Colleague: 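Next up is a structure, given as C-alpha cells.
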Protein chains: 2
Amino acid sequence: MQTIEELLESKNIRVTAMRLLIYKFLAEKQIAVTLSDIENAFEKADRTTLYRTVKTFEEKDIVHQIDDGTGITKYALCEKGCNCELETDLHLHFHCNNCNETVCLTEHKIPQIKVPDGFVSENVNLVVKGICDKCSGQ
Amino acid sequence: MQTIEELLESKNIRVTAMRLLIYKFLAEKQIAVTLSDIENAFEKADRTTLYRTVKTFEEKDIVHQIDDGTGITKYALCEKGCNCELETDLHLHFHCNNCNETVCLTEHKIPQIKVPDGFVSENVNLVVKGICDKCSGQ
DNA sequence: CAGTAATTGCACTTCCATTGCATTGATTTT
DNA sequence: AAAATCAATGCAATGGAAGTGCAATTACTG
C-alpha cells in the first residue's frame, strides 16, 4: 500500500498541499464529481488551480474524465484495475436520473461494439441512465 | 410519402417558412449538426429562433439530440425507424476524430447492457469514436 | 542561501445554452 | 373582412463552464 505522496512521485507530479487535498477529496467520494463540486469543497482555493490540478491528474492517468450527458464534465479517480489509457479497458458509467449522481461501474466492461465496414473504432463512451441502487430502494 | 407540411401538421406544429427551411436543411445533411451549423446556414435568422425551432422539433420527436462528447449538442432528424421515445430503440452514434463529424448508425442497435443489482436502466447513450468510412479511405 | 522552475491566484475572455420581452405574423371569432 | 387572440420571431441580455495570460508565490536544485 503506497501513500498518496508516493503515488504522485511515481507519476512525476510534485507533491503539494493542494494536490494532496484534492486527491483525498476524490478518493473519499465514491461518485464522479464536477469541477464545481471540488470548488465548493475548497472555498479558499481558486477555480483555476483546481482545474489545472485535475487536468494534471488526468494526463498522468490518476483520474479519468466522464461525459455523462449532463453537459458538465465529471471526474473520478482511476481504480487499481482502471487502465484508462488502454482502449480495451473501458468500463461503463451509470447516471442516476433521480439523485443526479454518476458512478463508475468498474466491473462492467463495455461489450464489443460492431461498426459498419470502413469505420474504425478507437474509443467508446457508454453511459447508462436510470435509477441507482441507493434510489431504487434495494 | 407525406410532405413536410403534412408531417408538421400531424405533430401539431404550425407550418412556418422558417420551420420548413430548417427541416429541409436537417434532411439534406446526413450528419448530426450543431446549432452553430444551422446558424451559419441561415445567416438572416436569429439564433434564438433556430434554438427554439429545434427544441420544438425535439419535443415532437422529429429530431433527436446527440451528445457525442465534443461538448456541443448536436441534432439529427429522426428516421422512419427511429422511435427515440422508445427506450428499446437506441441506435448508436459514431464520432469521427478526423473530420469531426457525427453520424447516426441507425442500423446498429445497442446491445443489452447488464447493470448490477439494484440499478435500473432506463436509457443508454453510446458513442463510438474513431475514423469514419470517408476518412479511412475505404 | 541564491537561483530556477513549477504551482497557484487573479482577471479576463470565449463559447454555448437559455430566458424575458417586445414585435411581428398567423389564425380564429364576430 | 376587421378585430381579437395566440403563437412565432428577433433582440438584448444573462449565466455557466472551459480555458488562457500573467504576475506572485511556493517548492526544489545546486
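All values below were derived from every heavy atom in this structure, side-chain atoms included, with hydrogens, water molecules and symmetry-related copies excluded. Please read these numbers as outputs of a predicted model, since none were measured by experiment. Chain A is the first sequence line, chain B the second, and so forth, proteins listed ahead of strands; every chain is numbered from 1.
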Colleague: Grab the NZ-P distance between B:K55 and D:dA7 for me, whole Å please.
Modeller: 16 Å
Colleague: Can you tell me if the side-chain N/O atoms of B:R47 get under 4.0 Å from OP1 or OP2 in C:dA17?
Modeller: yes
Colleague: Report yes if a side-chain nitrogen or oxygen of A:T73 is closer than 4.0 Å to either non-bridging phosphate oxygen (OP1 or OP2) of D:dA17; otherwise report no.
Modeller: no
Colleague: Expressed as a whole number of angstroms, how long is the span from A:Y23:OH to C:dT7:P?
Modeller: 18 Å
Colleague: Heavy atoms from C-beta onward define the side chain here; which of D:dT9, C:dG9, D:dA27 lies closest to that of A:D46?
Modeller: C:dG9
Colleague: Assign each of A:M18 and B:I72 to its nearest nucleotide of DNA chain C by heavy atoms, then name whichever residue's nucleotide is nearer the 5' end.
Modeller: A:M18
Colleague: Whole angstrom is fine here: how far is it from NZ in A:K74 over to P in D:dG16?
Modeller: 17 Å
Colleague: Can you tell me if B:H95 and A:N125 form a side-chain donor-acceptor pair at under 3.5 Å?
Modeller: no
Colleague: Side chain of B:R52, base of D:dG10: donor and acceptor closer than 3.5 Å?
Modeller: yes
Colleague: Starting at atom NZ of B:K44, determine the distance to atom P of C:dT24, rounded to an integer number of angstrom.
Modeller: 18 Å
Colleague: Mind calculating the distance between CG (A:D68) and P (D:dA17) to the nearest angstrom?
Modeller: 13 Å
Colleague: So, OP1 or OP2 of D:dT9: does either fall under 4.0 Å of a side-chain N or O from B:R19?
Modeller: yes
Colleague: Any side-chain N or O of A:Y51 under 4.0 Å from OP1/OP2 of D:dA18?
Modeller: no
Colleague: Using a heavy-atom cut-off of 4.0 Å across all strands, would you classify A:T34 as base, sugar-phosphate, or nothing?
Modeller: nothing
Colleague: Provide, to the nearest angstrom, the distance between the CD atom belonging to A:Q65 and the C1' atom belonging to D:dA18.
Modeller: 11 Å
Colleague: To the nearest angstrom, how far is B:N40 atom CG from C:dC16 atom P?
Modeller: 10 Å
Colleague: What is the separation between atom CG on B:L50 and atom P on C:dA17, rounded to the nearest whole Å?
Modeller: 12 Å
Colleague: Evaluate side-chain hydrogen bond (donor to acceptor under 3.5 Å, both in side chains) for A:T34 paired with A:D37, printing each intermediate quantity in order.
Modeller: CA-CA 5 Å; A:T34 66; A:D37 290 337; 3.2 Å; yes
Colleague: Record whether the side chain of B:S36 comes under 3.5 Å of the base of C:dC15 through a donor-acceptor pair of N or O atoms.
Modeller: no
Colleague: Taking NZ in A:K11 as the centre, count heavy atoms belonging to other residues, nucleotides or ligands within less than 6.0 Å. Is the count above 12?
Modeller: yes
Colleague: Please tell me which of B:I13 and B:T48 maps to the more 5' nucleotide of DNA chain D, matching each residue to the nucleotide holding its nearest heavy atom.
Modeller: B:I13
Colleague: Between C:dT8, C:dC10, D:dA7, which nucleotide gets closest to the side-chain atoms of A:T49?
Modeller: C:dT8
Colleague: Check every strand shown and say whether B:T16 touches a base, only sugar-phosphate, or nothing at a heavy-atom separation below 4.0 Å.
Modeller: sugar-phosphate
Colleague: Should A:L35 and A:L77 be regarded as members of a common hydrophobic cluster, given that ILVMFWY residues are connected when their side-chain heavy atoms come within less than 4.5 Å of each other, either directly or indirectly?
Modeller: yes
Colleague: Compute whether any side-chain donor of one residue and acceptor of the other, for A:H93 and A:H108, lie under 3.5 angstrom apart.
Modeller: no
